[in-house]
Amino acid sequence: MTSFRLTLAATLLALTAPAFAGKTVDTIRQRDQIVIGVSTGVAGFSAADSAGKWTGLDVDVGKAIAAALLGDAEKVKWVPLASQQRFTALQSGEVDVLSRNTTVTLTRDASMGLSGTAVVYYDGQGFMVPTKLKLKSAKQLKGATVCVQSGTTTEKNLTDFSRAHKLNLKPVVFDKFDAANAAYFAGRCQAYTTDASGLAAVRAKEAKDPKEHMILPEIISKEPLGPLVRRGDDEWEAIVKWVVYGLLEAEENGITQASVDKLKAESTDPVVMRLLGKGDDTGKLLGLDRDWLARAIKAVGHYGEIYERNVGEKTPVGLPRGKNRLWTDGGLMYALPIR
């Protein structure tokens, strides 16, 4: 009986004990900076302006993580990575986390020493063509040349779609995103394929007149985009994952960037109090302090604010919220509960 009681006590202690920092978290804290891999430039997701300032949905997610862990959203080193470089950079420790429009797949999650965290954007692969071609469907592209970037899920999806519909599509492959963009707008390809969000970003940023290019209605794949970390460091993975869920729960509960301090001081809602560190101390379970999520929200806003600021319908990218609405509004965005 004594042995049973000791085992039970040890189990209960393990369930309630705070998390201990792993190797990645220790390294980040020692250097006082998170190194984040981003794209080489996708408008609305991660792109640098002429002054070198990075903005975008993926950038804001990175800033939220920095605010939660280090107390300052600006304690980030941004490392632009091409598609072929991104996984090697993460595996080798060159970056701490990838936050750069990357699809989480079984192969990437289970066989490359990487781990997917949480989805920040539900996407799917599409096709863009010149409006003057007057196409209504990607199935009308029989025999067409299609610009595509190598080292991506996009390339294989294109081949599968072509075979399934006997289209005999002719891929024109480029190593770099910018090169594929330039080739399409120069007329080297009759169509361009990548994630639909990427097509909208390219059209908004690169086209002389966005109205001269249309995105066809077919979505030919599932592309859940989200941060990736190295496998085996559970503490770091948990922090990245729960920051994303926290931004979603903040939106569910109406906690905006502007209202954090007021709600923290005045709210009596148990959920709001817990999220903002006024109630249960969820931070100790992640090896953080109790204000971790309040800082993240105050730095970048809740998920909906991040979305609308970077890629929403009032931005040049102009993406409807669609599948990325909260589950309570008919979308797929569903946060695991912070409690």
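Counting begins at 1 with the first residue of the sequence.
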Novice: Search all heavy atoms of L90 against all heavy atoms of L114 and return the closest pair with its distance.
Specialist: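 Closest pair (atom of L90, atom of L114, distance): CD2-CD2, 3.5 Å.
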Novice: Taking the side chain as C-beta and beyond, is there a heavy-atom pair between M214 and M128 under 4.5 Å?
Specialist: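 They are not in side-chain contact.
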Novice: So, for F185 and E206, which heavy atoms are closest and what is the spacing to 0.1 Å?
Specialist: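 Scanning both residues, the minimum pair turns out to be CE1-CB, 3.3 Å.
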Novice: Quick one, Q91 with M112, criterion side chain to side chain contact (heavy atoms under 4.5 Å, CB included). Give me CA distance, side-chain angles, the key distance, then yes/no.
Specialist: CA-CA 8 Å; Q91 291 162 341; M112 296 176 67; 3.7 Å; yes
Novice: Determine, using the 4.5 Å side-chain heavy-atom cutoff (strictly less than), whether F87 and L225 are members of one ILVMFWY cluster.
Specialist: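 In one cluster: no.
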Novice: Does a side-chain N-to-carboxylate-O contact under 4.0 Å join D60 and R309?
Specialist: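 Yes.
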Novice: Which label fits H165 and F161: parallel for a plane angle under 30°, tilted from 30 to 60°, or perpendicular past 60°?
Specialist: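 Answer is tilted, since the angle falls between 30° and 60°.
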Novice: Apply side chain to side chain donor-acceptor pair (under 3.5 Å) to E249 and list each qualifying residue two or more places apart in sequence or on a separate chain.
Specialist: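 Partners of E249 by the side chain to side chain donor-acceptor pair (under 3.5 Å) criterion come out as none, since no residue qualifies.
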Novice: Suppose we call two aromatic rings close when their centres sit under 6.0 Å apart. Are H213 and Y192 close by that rule?
Specialist: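 Judged by ring-centre distance (under 6.0 Å), H213 and Y192 do not meet the cut-off.
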Novice: Check whether V229 and V76 end up in the same hydrophobic cluster, where Ile, Leu, Val, Met, Phe, Trp and Tyr are linked by side-chain heavy atoms less than 4.5 Å apart.
Specialist: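 V229 clusters together with V76.
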Novice: Tell me, yes or no, whether the heavy-atom count around K170 atom NZ, taken from other residues, nucleotides or ligands under 6.0 Å, exceeds 12.
Specialist: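 Yes, NZ of K170 has more than 12 neighbouring heavy atoms, counting only those of other groups under 6.0 Å.
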Novice: Mind running side chain to side chain donor-acceptor pair (under 3.5 Å) on T24 and D96 for me, showing each step along the way?
Specialist: CA-CA 7 Å; T24 303; D96 301 315; 5.8 Å; no
Novice: Where do V148 and P171 come nearest, in terms of heavy atoms and distance?
Specialist: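 Closest heavy-atom pair between V148 and P171: CG1-CB, 4.1 Å.
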Novice: Quick one: do D32 and K75 make a salt bridge, cutoff under 4.0 Å?
Specialist: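 Salt bridge between D32 and K75, a charged N being under 4.0 Å from a carboxylate O: yes.
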Novice: Sub-3.5 Å donor-acceptor pair from the side chain of E251 to the main-chain atoms of H302, do we have one?
Specialist: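 No; zero donor-acceptor contacts below 3.5 Å.
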Novice: What is the distance from atom CE of M273 to atom NZ of K278, rounded to the nearest 0.5 Å?
Specialist: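 Atom-to-atom, M273:CE and K278:NZ are 5.0 Å apart.
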Novice: For the residue pair V260 and L276, establish whether any side-chain heavy-atom pair is separated by less than 4.5 Å.
Specialist: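 Yes, their side chains come closer than 4.5 Å.
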Novice: Quick one: does Y307's side chain have a donor or acceptor within less than 3.5 Å of a partner on Y121's backbone?
Specialist: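 A pair under 3.5 Å: no.
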Novice: Is the closest side-chain heavy-atom distance between Q84 and S150 below 4.5 Å?
Specialist: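 Yes, close enough: below the 4.5 Å cut-off.
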Novice: Could you measure the distance from the CG atom of L332 to the CG atom of L326? Nearest 0.5 Å is fine.
Specialist: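 Interatomic distance, L332 CG to L326 CG, rounded to 0.5 Å: 11.0 Å.
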Novice: State which residues pass side chain to side chain donor-acceptor pair (under 3.5 Å) with K264; sequence neighbours excluded, sorted by chain then number.
Specialist: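 For K264, the residues satisfying side chain to side chain donor-acceptor pair (under 3.5 Å) (neighbours in sequence not counted) are D291.
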Novice: Answer with yes or no whether the hydrophobic clustering places I219 together with I215; edges join I, L, V, M, F, W, Y residues whose side-chain heavy atoms lie under 4.5 Å apart.
Specialist: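 No; tracing contacts between hydrophobic side chains, which count when under 4.5 Å, never links both residues.
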Novice: Show which side-chain atoms of residues 34-56 pair as donor or acceptor with protein atoms under 3.5 Å away, not counting sequence neighbours.
Specialist:
| unit_1 | atom_1 | unit_2 | atom_2 | d |
| --- | --- | --- | --- | --- |
| S39 | OG | G41 | N | 3.1 |
| S39 | OG | V42 | N | 3.3 |
| S39 | OG | S46 | O | 2.8 |
| S39 | OG | S46 | OG | 2.7 |
| S46 | OG | S39 | N | 3.1 |
| D49 | OD1 | A51 | N | 2.9 |
| D49 | OD1 | G52 | N | 3.0 |
| D49 | OD1 | K53 | N | 2.8 |

Novice: Less than 4.0 Å between a side-chain N and a carboxylate O, is that true for D72 and R295?
Specialist: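 No, no charged N to carboxylate O under 4.0 Å.
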Novice: Answer whether the closest heavy-atom distance between the side chains of R86 and T152 falls below 4.5 Å.
Specialist: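 Of all side-chain heavy-atom pairs linking T152 with R86, at least one is under 4.5 Å.
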Novice: Going from CD1 on I220 to CG on N157, what distance comes out if it is rounded to the nearest 0.5 angstrom?
Specialist: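 One gets 5.5 Å once the value is rounded to the nearest 0.5 Å.
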Novice: Taking transitive links into account, so neighbours of neighbours count too, which hydrophobic residues share a cluster with V172 at under 4.5 Å side-chain distance?
Specialist: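 Result for V172 is F174.
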Novice: Could you report the tightest heavy-atom contact between V129 and Y184, atom names first, then the distance?
Specialist: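 Heavy-atom minimum between the residues: C-OH, 3.0 Å.
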Novice: Is R290 reaching over with its side chain to a backbone N or O of G277, donor-acceptor style, under 3.5 angstrom?
Specialist: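 Yes, because the side chain of R290 sits within donor-acceptor range (under 3.5 Å) of the backbone of G277.
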Novice: Roughly how far, to the nearest 0.5 Å, is OG of S221 from CG of L158?
Specialist: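 L158 atom CG to S221 atom OG measures 10.5 Å (nearest 0.5 Å).
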Novice: Can you name the nearest heavy-atom pair linking Q140 to S137, along with the distance?
Specialist: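 The pair with the smallest heavy-atom distance is OE1-N, 2.9 Å.
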Novice: Shared ILVMFWY cluster between V119 and V244, side chains joined below 4.5 angstrom?
Specialist: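 Hydrophobic grouping puts V119 with V244.
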Novice: Count the heavy atoms belonging to other residues, nucleotides or ligands that lie under 6.0 Å from NZ of K241, then report whether that count exceeds 12.
Specialist: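 Enclosed.
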Novice: Does T102 reach the side chain of R108, with side-chain heavy atoms less than 4.5 Å apart?
Specialist: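 In contact.
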Novice: Salt-bridged, R274 to D281, with N to O below 4.0 Å?
Specialist: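 Looking at D281 together with R274, the answer is no, because their closest N to O distance does not fall below 4.0 Å.
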Novice: Please say whether more than 12 non-hydrogen atoms of neighbouring residues, nucleotides or ligands are located less than 6.0 Å from CZ in R31.
Specialist: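 Above 12, so yes.
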Novice: Would you say the side chain of L81 lies within less than 4.5 Å of the side chain of V79, judging by non-hydrogen atoms?
Specialist: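 Yes, their side chains come closer than 4.5 Å.
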Novice: In sequence, state the C-alpha distance, the side-chain angles, and the governing distance for E237 and S115, and then conclude on side chain to side chain donor-acceptor pair (under 3.5 Å).
Specialist: CA-CA 8 Å; E237 180 179 344; S115 185; 3.0 Å; yes
Novice: My understanding is that only residues two or more places apart in sequence, or in another chain, count here; which of them pass side chain to side chain donor-acceptor pair (under 3.5 Å) with Q149?
Specialist: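 Checked Q149 against side chain to side chain donor-acceptor pair (under 3.5 Å); matches are S83.
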Novice: Do W236 and I65 have side chains that get closer than 4.5 Å, going by heavy atoms?
Specialist: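 Yes; the side chains approach each other to less than 4.5 Å.
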Novice: Are I338 and Y334 linked, directly or through other ILVMFWY residues, by side chains that come within less than 4.5 angstrom of each other?
Specialist: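 Different clusters.
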Novice: Between E308 and K314 (side chain of the first, backbone of the second, donor and acceptor by atom type, cut-off under 3.5 Å), is there such a pair?
Specialist: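 A pair under 3.5 Å: no.
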Novice: In plain terms, say whether E94 and K77 are close enough for a salt bridge, that is, a side-chain N and a carboxylate O under 4.0 Å apart.
Specialist: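 No, this pair does not count.
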Novice: Could I get the full list of side chain to side chain contact (heavy atoms under 4.5 Å, CB included) partners for A64, not counting sequence neighbours?
Specialist: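 Here the qualifying residues are V243, L247, A296, V300.
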Novice: Evaluate E305 against T256 for side chain to side chain donor-acceptor pair (under 3.5 Å), listing each step before the verdict.
Specialist: CA-CA 8 Å; E305 292 179 286; T256 67; 4.7 Å; no
Novice: Taking atom CD of E235 and atom CG of L69, what is their separation to the nearest 0.5 Å?
Specialist: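 With rounding to 0.5 Å, CD (E235) is 12.0 Å from CG (L69).
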Novice: I want to check something: taking the side chain as every heavy atom from C-beta on, are L228 and V97 in contact at a cut-off of under 4.5 Å?
Specialist: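 No, side chains not in contact.
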Novice: To the nearest 0.5 Å, what is the distance between CD on Q125 and CG on D195?
Specialist: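 One gets 7.0 Å once the value is rounded to the nearest 0.5 Å.
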